[in-house]
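Below is one structure; the comments refer to it alone.
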Amino acid sequence: MSVLTDLIYGGAHTVAQLTENAVAAALAQYGPKKEVAFPDTAYAFPTIYAATGVKVKTLGDLPGCVEVQKSLITDREELDAALNAGLATAVGAEILEGLKFVEPGGSYEEARVPGIGFVPDPVIRSLGVPLVTGDIPGVAVVLGEAENPADVAGVVREYQSKGLLTFLVGNVIEQCADQGVKMGLELRVIPLGHQVTSVIHVVTVAVRAALIFGNVQPGDLSGLLAYTKERVPAFVNTFGPIDPVVVSAGAGAIALGFPVVADVDLGENQVPGALESVCDHGKTVEKSLELREIRIRSKELPIPVAFASAFEGEIIRRSDMHTEFYSGDNVTCELVLGREMSQVEDHKIRLIGPDIGDGVQSLPLITFVEVAGKKMQPDFESVIERKIHAWCNYMEGVMHTGQRDQFRIRISRDAYEKGLRLKHLGEVLYHMITEEFGVVVDKCQVTLITDGEQAARFREELALPRYRQRDERLVSMTDESVDRFFTCVLCQSFAPSHCCVVTPERLGLCGAVSWLDAKATYELNPNGPSQPILKEGCLDERTGRYESVNAAVREATHGALENVTLYSIMEDPMTSCGCFECISAIEPSSNGFIVVNREYKGMTPTGMSFGELASFSGGGVQTPGYMGHGRSFIPSKKFAAAEDGIRRIVWMPRELKEAVGERLNATARELYGIEDFTSLIADERVSTVEGLLEFLKEVRHPVLDMEPLL
């Protein structure tokens, strides 16, 4: 055997023995009926489930999995056989990590900088949109211990500045923390754990992406490996000396299609394109991206802080804040207006009022962007305006929440000390608008107002009237008032058999693409992910079935989907990629629908969690009775219109009910004359079918008098 295969098999045998011993010990302590599960997932032990179809539920299920693990270790010299031993190491790592969750509760591990361990299903679903849009261009796994901590910190910071999602395993966690690297799910640098087996938590992310988004069926190992290789842009960097277990884990990564870059000289043991040495840490990132064919969209901006989507979730506490612009204390608003070409001076950035100064400050802020272009349309103003939120958050040390005239922006002390000033906000807006909307925007100028008197006058005289004008236009937009809908296939990079149909009254299921967004996307890129569907050949007005919609979906999914309705959950419902904000599901006993959001971690009256319900409708699968959708679709007049509309909603979590309650009550009042409809909807205080039926009878819910759904 070669040195490389010797190392792979040596590590695989070591992990197999550890696994067998650990399972035996757990069985002796708890017995075979003891339940075992990773937290907040519908996929049991995901790697084992995806590869074999076996859903581990109790400790008694594990000895059979250990036998599968051992069967993959053949000690044959061929590289493919050795890579199978790497997969065996992944199976063993999953079992060893899973045993840590036999006793629920408590922290995953004790360490100065603890790892998070298992990544729950809702987090993976939340990553779907930024992965398919390229805001997260790739996934880096950094493990080991660097000889020089500054080297690994530099690599991780570079990944962060490029927007990658980076997982840390081993002592690199402390090394990066000591070097001041900002970490956390919200910053896309995630410490998993200190043992090599923690790397399985990255593998399960990739595996569940295949199950959630790709419609890969459990037990289809070849389909799983093809999906992870072709559609999950991940790679591994190892730092420091490598031992057989690390090499074997790396072989498992390579089998999944993830190349490994080591910072030690592997000599003739390198496998071009799969396992390569890069001893110059200044070239680690470049080589890693090259091996995975990840292309980064350059965003070199004239600002003194980093700019990347990885900083979008950065939280700036009051104790770390230098300046705040908050509508609760001062006048604030953001407005984008289209102008004539002669009215706009390109790249003019003007500040009216004081700039950020020394000491903690609270100031008013008007952000006024004027754009001009031959193809610019009034409908695009609000589309550009909504992007201000994201672009501000991409700046390291800046936090933005809210929109229009109700927002909060915080700037950290660190960003101020690096030289960040208001003119840099103007630079970011100018560069991003001309880059992302260059097809319709030829000229752009930005005015920032911090003078209180002028800010108040601007808001009252220009901003508020424009907001009202837009709202009246949006309210008047219905599916009947337009002559076309739009497809959205952004998510096909992950879910090849899914296609959204976006209408004025039904936004994309991710909650991020409205009809106006899709229209703007088509105008900006006529060959892009959103294509128009002329409303032709209405086959059934009740369910929203159109010949033209069926033809467009059939073409967009390459024949994977034949028919779809726009307004029904029970008849050919729209498919989902897996990154939906909510799922609606039939609850037969009550004759209604429950609606549950991704953030809700509890059980529903159906006896299933969000993840378990969602497993029925991800990856472009069409399952009558189950449908993923955006939050704002719930109060729509078109929600389940074919099944009597929102009157069928019988249960939803309190947080979701409060979020959509005002609009939901307004719709119920307008359509059905029902006052305070949300008070008739049960929430998590009712967790059983029996309790739900009792509640519905007590409040006299209208669903009790409706025709059966089945």
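Starting from 1, each residue takes its place in the sequence as its number.
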Can you tell me if Glu555 has over 12 outside heavy atoms packed within less than 6.0 Å of its CD? no
Say whether, by atom type as modelled, one donor and one acceptor occur between the side chain of Thr521 and the main chain of Ser530 under 3.5 angstrom. no
Hey, are the side chains of Thr19 and Val91 touching, using non-hydrogen atoms and a 4.5 Å cut-off? no
Assess whether salt bridge (charged side-chain N to carboxylate O under 4.0 Å, His left out) is satisfied between Arg112 and Asp178, documenting all intermediate values. CA-CA 11 Å; Arg112 184 165 62 84; Asp178 291 342; 3.2 Å; yes
When you measure from the side chain of Thr197 to the backbone N and O of Ala93, does any donor-acceptor pair fall under 3.5 Å? no
Would you mind checking if Lys70 and Glu20 are paired as a salt bridge, meaning a charged N to carboxylate O distance below 4.0 Å? yes
After noting the C-alpha distance and the side-chain angles of Cys176 and Met183, does the key distance pass the side-chain contact (heavy atoms from CB on, under 4.5 Å) rule? CA-CA 9 Å; Cys176 287; Met183 297 184 193; 3.5 Å; yes
I'd like to check Ile296 versus Pro137 (side-chain heavy atoms, cut-off strictly below 4.5 Å). Are they in contact? yes
For Ser161 and Ala308, which heavy atoms make the closest approach, and how far apart are they? O-CB, 3.0 Å
Less than 3.5 Å apart, any donor N or O on the side chain of Asn215 or His498 sitting next to an acceptor on the other? no
Ring centroid separation Phe38 to Phe118 under 6.0 Å: yes
Do other residues, nucleotides or ligands put more than 12 heavy atoms under 6.0 Å from Lys57 NZ? no
Identify every side-chain donor-acceptor pair in residues 139-155 under 3.5 Å, counting partners at least two apart or on other chains, and give the distances.
{"residue": "Glu145", "atom": "OE1", "partner": "Asn171", "partner atom": "ND2", "Å": "3.1"}
{"residue": "Asn148", "atom": "OD1", "partner": "Ala150", "partner atom": "N", "Å": "3.1"}
{"residue": "Asp151", "atom": "OD2", "partner": "His281", "partner atom": "ND1", "Å": "3.2"}

Nearest heavy-atom neighbours spanning Ala88 and Leu72: CB-CB, 3.7 Å
Which heavy atom of Ala614 sits nearest to which heavy atom of Ile583, and what is that distance? CA-CD1, 3.6 Å
With heavy-atom distances below 4.5 Å as the criterion, would you say the side chains of Val23 and Leu59 are in contact? no
Minimum side-chain heavy-atom gap Asp40-Pro122 below 4.5 Å: yes
Are the side chain of Gln160 and the backbone N or O of Leu187 linked by a donor-acceptor pair below 3.5 Å? yes
Does the side chain of Glu97 come under 3.5 Å of the side chain of His201 through a donor N or O and an acceptor N or O? yes
Indicate yes or no: at least one non-hydrogen side-chain atom of Tyr9 is less than 4.5 angstrom from one of Thr74. yes
Test side-chain contact (heavy atoms from CB on, under 4.5 Å) applied to Val102 and Tyr30, step by step: CA-CA 9 Å; Val102 171; Tyr30 298 105; 3.7 Å; yes
Before giving the answer on side-chain contact (heavy atoms from CB on, under 4.5 Å), spell out for Ile190 and Thr166 the whole-Å C-alpha distance, their side-chain angles and the decisive distance to 0.1 Å. CA-CA 6 Å; Ile190 304 168; Thr166 304; over 6 Å; no
Could you tell me which non-hydrogen atom of Val169 sits nearest to which non-hydrogen atom of Ser198, and how far apart they are? CG1-CB, 4.2 Å
Supply the atom-to-atom distance Thr487 OG1 to Gln492 CD, rounded to the nearest 0.5 angstrom. 8.5 Å
Side chain proximity check, Ser609 to Lys601, heavy atoms < 4.5 angstrom: no
Among residues two or more places apart or on two chains, list those pairs meeting side chain to side chain donor-acceptor pair (under 3.5 Å) that have a residue in residues 221-236. Asp220-Ser222
If we check side chain to side chain contact (heavy atoms under 4.5 Å, CB included) with Cys500, which of these qualifies: Val489, Leu490, Leu509? Leu509
Quick check: does any side chain N or O of Gln29 sit under 3.5 Å from a backbone N or O of Ala26, one acting as donor and the other as acceptor? no
Ion pair present between Glu436 and Lys387, side-chain N to carboxylate O less than 4.0 angstrom? yes
Is the distance between the ring centroids of Tyr394 and Phe307 under 6.0 Å? yes
Taking atom CD of Glu599 as the centre, report whether more than 12 heavy atoms of other residues, nucleotides or ligands fall under 6.0 Å from it. yes
Solution key, residues 237-260 side-chain donor-acceptor pairs under 3.5 Å, sequence neighbours excluded:
{"residue": "Asn237", "atom": "OD1", "partner": "Tyr159", "partner atom": "OH", "Å": "2.6"}
{"residue": "Asn237", "atom": "ND2", "partner": "Ser288", "partner atom": "OG", "Å": "2.9"}
{"residue": "Asp243", "atom": "OD1", "partner": "Val245", "partner atom": "N", "Å": "3.1"}
{"residue": "Asp243", "atom": "OD1", "partner": "Val246", "partner atom": "N", "Å": "2.8"}
{"residue": "Ser248", "atom": "OG", "partner": "Ile8", "partner atom": "O", "Å": "3.2"}
{"residue": "Ser248", "atom": "OG", "partner": "Ala12", "partner atom": "N", "Å": "3.3"}
{"residue": "Ser248", "atom": "OG", "partner": "Thr89", "partner atom": "OG1", "Å": "2.4"}

Indicate yes or no: does Glu562 engage Arg554 in a salt bridge with an N to O separation below 4.0 Å. yes
Does any non-hydrogen side-chain atom of Leu289 lie less than 4.5 Å from one of Phe235? yes
Taking Glu103 for its side chain and Lys100 for its backbone only, find out whether a donor-acceptor pair lies under 3.5 Å. no
Mind checking the CZ-CD spacing from Arg295 to Glu290? Nearest 0.5 Å is all I need. 10.5 Å
Under a 4.5 Å cut-off applied to non-hydrogen side-chain atoms, are Asp263 and Val278 in contact? no
Contacts of Glu174 meeting side-chain hydrogen bond (donor to acceptor under 3.5 Å, both in side chains) (sequence neighbours excluded), chain-then-number -> His194
Least distance between heavy atoms, Ile48 atom then Glu94 atom: N-OE1, 2.9 Å
Donor-acceptor under 3.5 Å (Asp61 side chain, Thr58 main chain): yes
For the NZ atom on Lys34, are there more than 12 heavy atoms of other groups (residues, nucleotides or ligands in this structure) within a distance under 6.0 Å? yes
Could you pull out all donor-acceptor pairs under 3.5 Å where a side-chain atom in residues 206-213 meets a protein atom, sequence neighbours excluded?
{"residue": "Arg208", "atom": "NE", "partner": "Thr204", "partner atom": "O", "Å": "3.1"}
{"residue": "Arg208", "atom": "NH1", "partner": "Val119", "partner atom": "O", "Å": "2.7"}
{"residue": "Arg208", "atom": "NH1", "partner": "Asp121", "partner atom": "OD1", "Å": "2.8"}
{"residue": "Arg208", "atom": "NH2", "partner": "Val119", "partner atom": "O", "Å": "2.7"}
{"residue": "Arg208", "atom": "NH2", "partner": "Thr204", "partner atom": "OG1", "Å": "3.0"}

Neighbour count >12 (heavy atoms, 6.0 Å) for atom CD, Glu286: no
Show, in sequence, the C-alpha distance, side-chain angles and deciding distance for Tyr600 and Asn597, and conclude whether the side-chain contact (heavy atoms from CB on, under 4.5 Å) test is met. CA-CA 6 Å; Tyr600 179 67; Asn597 53 312; 3.6 Å; yes
Across all chains, not counting sequence neighbours, the side-chain hydrogen bond (donor to acceptor under 3.5 Å, both in side chains) partners of Asn21 are Gln17
Tell me the closest heavy-atom pair linking Val264 and Ser277, and the distance in Å. O-OG, 2.8 Å
Separation of Gln69 CD from Leu62 CG (nearest 0.5 Å): 10.5 Å
If you count heavy atoms of other groups shown closer than 6.0 angstrom to CD of Glu78, is the number above 12? yes
State, without any angle test, whether Thr5 and Arg76 hold a side-chain donor-acceptor pair at a distance under 3.5 Å. no
May I ask you to decide if Ser497's main-chain N or O and Thr557's side chain share a donor-acceptor pair within less than 3.5 Å? no
